[in-house]
Amino acid sequence: MKLTRNINNCRCAQASDEKQLELITDIKTQIKEKENVFFDMEAYLPKKNGLYLNLVLGNVNITLLSNQAKFAYKDEYEKFKLYMTIILMFGAITCLFFLNCRVTDEIFNFLLVWYYCTLTIRESILMSNGSRIKGWWVSHHYVSTFLSGVMLTWPEGPMYQMFRSQFLAFSIYQSFVQFLQYYYQSGCLYRLRALGERNQLDLTVEGFQSWMWRGLTFLLPFLFFGHFWQLYNSVTLFRLAGHEDCKEWQVFMLALTFLILFLGNFLTTLKVVHQKVQKNQEKVQKND
């Protein structure tokens, strides 16, 4: 009799544990849904422009009042990134293999400055309207704008010619990786939005984020190679800065900027990978 009671008690305990787990899972799902609802509601509330938008646009209301307008602006931003990535890739190929001319180099560097400046403005507008771009991937384009501006002001000379081919080759590779990221991230975001796991205004980024873990880990080798190429650029420029014939301030400044880009990109990507690996290990331990 006692044995039968113990077995029945165990079954009841298991049943109650299963019900509690189902209840907890249901509550977590509801919380996530409510968070998304509140986030969407917040996107329609009037907001003050940040310092950057105030400096560039003035005190202008840039809030888009309908979902249709928000999605249209987001799609236009994504298309702008894609088209400019292709244009910059062919521009770098032309400068490297066909036109060794200072004028074409200046046009290419000016395009880079204009491209990154435009990205920072459009991203700020999208963030004011509900897009989630956080942390380093926001700062990344500001640093890239500064780097492109310094490249634009670097005068013709032996130091410039020593670094020119390396920089153009890096630009070609960077554009290629950005094209890969746009192509695969846009497909991944579409699937996640359909499942309700991502916001409709989430954007593709020039890096690696936690939501890319499922299906986009094959991009990591391309990203890490690009990060270490930035480090290689920095080391090359530091060596050129120590050359006895080097008199341009741009060389040291570019070396420092490439180092900042490497550290920001590499450490941010490494942090995301480390966090996802830890979470996966915790899930495996719980299942065991």
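One-based numbering along the sequence shown. What you see is a predicted model; the values in this text were computed from it and never measured.
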Pair Trp154-Val251, side chain to side chain contact (heavy atoms under 4.5 Å, CB included): steps then yes or no: CA-CA 8 Å; Trp154 192 354; Val251 180; 3.5 Å; yes
For Ile93 against Phe98, the heavy-atom pair lying closest together: O-CD1, 3.9 Å
Phe80 atom CZ, over 12 foreign heavy atoms within 6.0 Å: yes
Close side-chain approach of Ser148 and Asn109, heavy atoms under 4.5 Å: no
Side chain Ser234, main chain Ala255, donor-acceptor under 3.5 Å: yes
Distance, nearest 0.5 Å, that separates CG of Leu261 from OG of Ser139: 10.5 Å
Non-hydrogen atoms of Leu147 and Leu254 that approach each other most closely: O-CD2, 3.6 Å
Side-chain heavy atoms of Phe108 within contact of Ser171, under 4.5 Å: yes
Within 6.0 Å of CZ in Phe170, more than 12 heavy atoms from elsewhere: yes
Residue pair Phe252 / Leu237, side-chain heavy-atom distance below 4.5 Å: no
Nearest heavy atoms of Asn265 and His140, plus distance in Å: OD1-CD2, 3.2 Å
Pairwise distance CE(Met84) to OG1(Thr118) - rounded to 0.5 angstrom: 7.5 Å
Single-linkage hydrophobic cluster, 4.5 Å side-chain cutoff, Val113 and Trp249 together: no
Ring centers of Phe266, Phe228 separated by less than 6.0 Å: yes
Side chain to side chain, Met151 and Asp105, heavy atoms closer than 4.5 Å: no
Interatomic distance, Cys117 atom SG to Phe146 atom CZ [nearest 0.5 angstrom]: 12.5 Å
Side chain proximity check, Arg164 to Gln161, heavy atoms < 4.5 angstrom: yes
Beyond-backbone contact of Thr236 with Phe167, side-chain heavy atoms, under 4.5 angstrom: no
Leu168 reachable from Ile87 in the ILVMFWY side-chain graph, under 4.5 Å edges: yes
For Cys95 against Thr104, the heavy-atom pair lying closest together: SG-O, 3.7 Å
Contact check, side chains of Tyr160 and Glu248, non-hydrogen atoms, under 4.5 Å: no
Considering all heavy atoms, the nearest Trp136-Gly264 contact: NE1-C, 3.4 Å
Side chain to side chain contact (heavy atoms under 4.5 Å, CB included) between Gln250 and Met159, intermediate numbers included: CA-CA 10 Å; Gln250 287 91 343; Met159 298 298 109; over 6 Å; no
Phe222 and Trp229 aromatic centres sub-6.0 Å: no
In one Ile/Leu/Val/Met/Phe/Trp/Tyr side-chain cluster, 4.5 Å: Ile107, Met89: no
Candidate list Leu223, Leu219, Thr85, test side-chain contact (heavy atoms from CB on, under 4.5 Å), partner Leu180, passing option: Leu219
Pair Leu82-Phe179, side chain to side chain contact (heavy atoms under 4.5 Å, CB included): steps then yes or no: CA-CA 7 Å; Leu82 176 63; Phe179 178 81; 3.6 Å; yes
Crowding at CZ, Arg239 (>12 non-hydrogen neighbours, <6.0 Å): no
Pairwise distance OH(Tyr115) to OG1(Thr145) - rounded to 0.5 angstrom: 10.5 Å
Test log, rule side chain to side chain contact (heavy atoms under 4.5 Å, CB included), inputs Val150 and Thr257: CA-CA 10 Å; Val150 176; Thr257 309; 5.6 Å; no
For Phe110, side-chain contact (heavy atoms from CB on, under 4.5 Å) partners two or more places apart: Leu152
Side chain proximity check, Gln174 to Gln230, heavy atoms < 4.5 angstrom: yes
Atom pair CG (Leu96) and CD1 (Ile172), whose distance is rounded to the nearest 0.5 Å: 5.0 Å
Parallel, tilted or perpendicular: ring planes of His227 versus Phe224, cut at 30 and 60 degrees: perpendicular
Contact summary for Phe238 and Leu256, nearest pair of heavy atoms: CZ-N, 4.1 Å
Side chain Glu123, main chain Val138, donor-acceptor under 3.5 Å: no
Distance in Å, Ile86 CD1 paired with Lys81 NZ, rounded so as to fall on 0.5 Å steps: 13.0 Å
